[in-house]
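In what follows, a structure is listed as structure tokens, so that the remarks can point back to it.
As a basis for the values below, the full set of heavy atoms in this structure was taken, side chains included, without hydrogen atoms, waters or symmetry mates.
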Amino acid sequence: MTTSLRKGCIGLAILLGYFLLVSLPCPDGLSPNGKRAIAMMFAAVLIWVFEILPVAVASVLFAVLPAVAGILPLPKMMQLFATPTIFFVFAMFCISIAFQNSGLSRRIVLWTSLRSKGSPVRLLLLLMMVCALLSTILADIPVVAMMLPVAVLLLEKNGCVKGTSNFGKPIACLIGGVGTPAGSAMNMMTISLLQSTAGVHIGFFEWTAIGMPMVLVLTPLAWWLVIRAFPPEIGRLA
């Protein structure tokens, strides 16, 4: 069976499953719209898991289908997507692409390499601190995407084997993500959720006052633990 035929059969099964769930009696306390929403959620997850459609196409499709199925009016659907969290994530990826295209990530690695004076251990500390500080104002994943190409180049220049090298293990982007609300989409979602459900407002500086000290303490600590658990296999930078 070809891949296209297999995906077509799975897609048809998912569609039939959706209509089957919609046709079932509603449990007590669940509205017909709620039942359709649950059925569509299962359909969306299955289509993503089995890759019936490209992720981008499926995401746009399921942003519109609830309106077609009568779950919510289209203006309400679009309003739900127009949240600060969505625009924040989009902006962070745009900024990271701009940083990468401008060559900033290469300049950062060059600067840290010069400051390390040939010591791989010192270079790891500098790179971890830079990645942590960058990810306090950019989301974690965009910083990883921005720094990955130059990190791979650094490994190749020093003759390290990608995937197994101890020199390539340390990273601190996730540590830096807790520094400010801008450090992660999850931070923004948490703030938004607390505001909408519990009426608790957490300001940018209130979060930062707790998050930044954590970053400044945890990053050197993580470096110290990592270089002892995974000492670099090279004694001098190339």
**Close side-chain approach of Leu65 to Met40, heavy-atom, < 4.5 Å** = yes
**Message:** Checking the side chain of Asn187 only, and the main-chain atoms of Thr180 only, is there a donor and an acceptor separated by less than 3.5 Å?
**Reply:** yes
**Asked** Are any non-hydrogen side-chain atoms of Thr136 and Thr208 less than 4.5 angstrom apart?
**Response** no
**Request:** Search all heavy atoms of Ala69 against all heavy atoms of Tyr18 and return the closest pair with its distance.
**Result:** CB-OH, 3.7 Å
**Request:** Give a yes or no on whether the backbone of Ala132 and the side-chain of Ser135 come within a donor-acceptor separation of less than 3.5 Å.
**Result:** yes
Let me check something: any side-chain donor-acceptor pairs from residues 116-131 under 3.5 Å, sequence neighbours excluded? List them with distances.
{"unit_1": "Ser116", "atom_1": "OG", "unit_2": "Ser113", "atom_2": "O", "d": "2.7"}
{"unit_1": "Ser119", "atom_1": "OG", "unit_2": "Arg122", "atom_2": "N", "d": "3.3"}
{"unit_1": "Arg122", "atom_1": "NH1", "unit_2": "Ser116", "atom_2": "O", "d": "2.6"}

**Message:** When you compare the side chain of Ser184 with that of Met188, does any pair of heavy atoms fall below 4.5 Å?
**Reply:** no
**Prompt:** Tell me, do Arg36 and Leu21 make a side-chain contact under 4.5 Å, heavy atoms counted?
**Reply:** no
**Prompt:** Do Gln195 side-chain atoms and Ser192 backbone N/O form a donor-acceptor pair below 3.5 Å?
**Reply:** no
**Asked** Any sub-3.5 Å donor-acceptor pair from Glu233's side-chain atoms to Phe167's backbone N or O?
**Response** yes
**Prompt:** Checking Lys7 side chain against Ile52 main chain: does a donor-acceptor pair fall under 3.5 Å?
**Reply:** no
**Message:** With a 6.0 Å cut-off (strictly less than), is the heavy-atom count around CE of Met186, excluding the residue itself, greater than 12?
**Reply:** no
**Asked** Would a distance-only check, ignoring hydrogens and angles, find a side-chain to backbone donor-acceptor pair under 3.5 Å from Lys35 to Leu24?
**Response** yes
**Asked** Quick one: hydrophobic cluster around Val200, which other residues, with the 4.5 Å side-chain cut-off, linked directly or via members?
**Response** Ile191, Leu194, Ile202, Trp207
**Message:** Quick check: do Ile14 and Phe42 have side-chain heavy atoms less than 4.5 Å from each other?
**Reply:** no
**Item:** Interatomic distance, Leu133 atom CG to Ile175 atom CD1 [nearest 0.5 angstrom]
**Value:** 11.0 Å
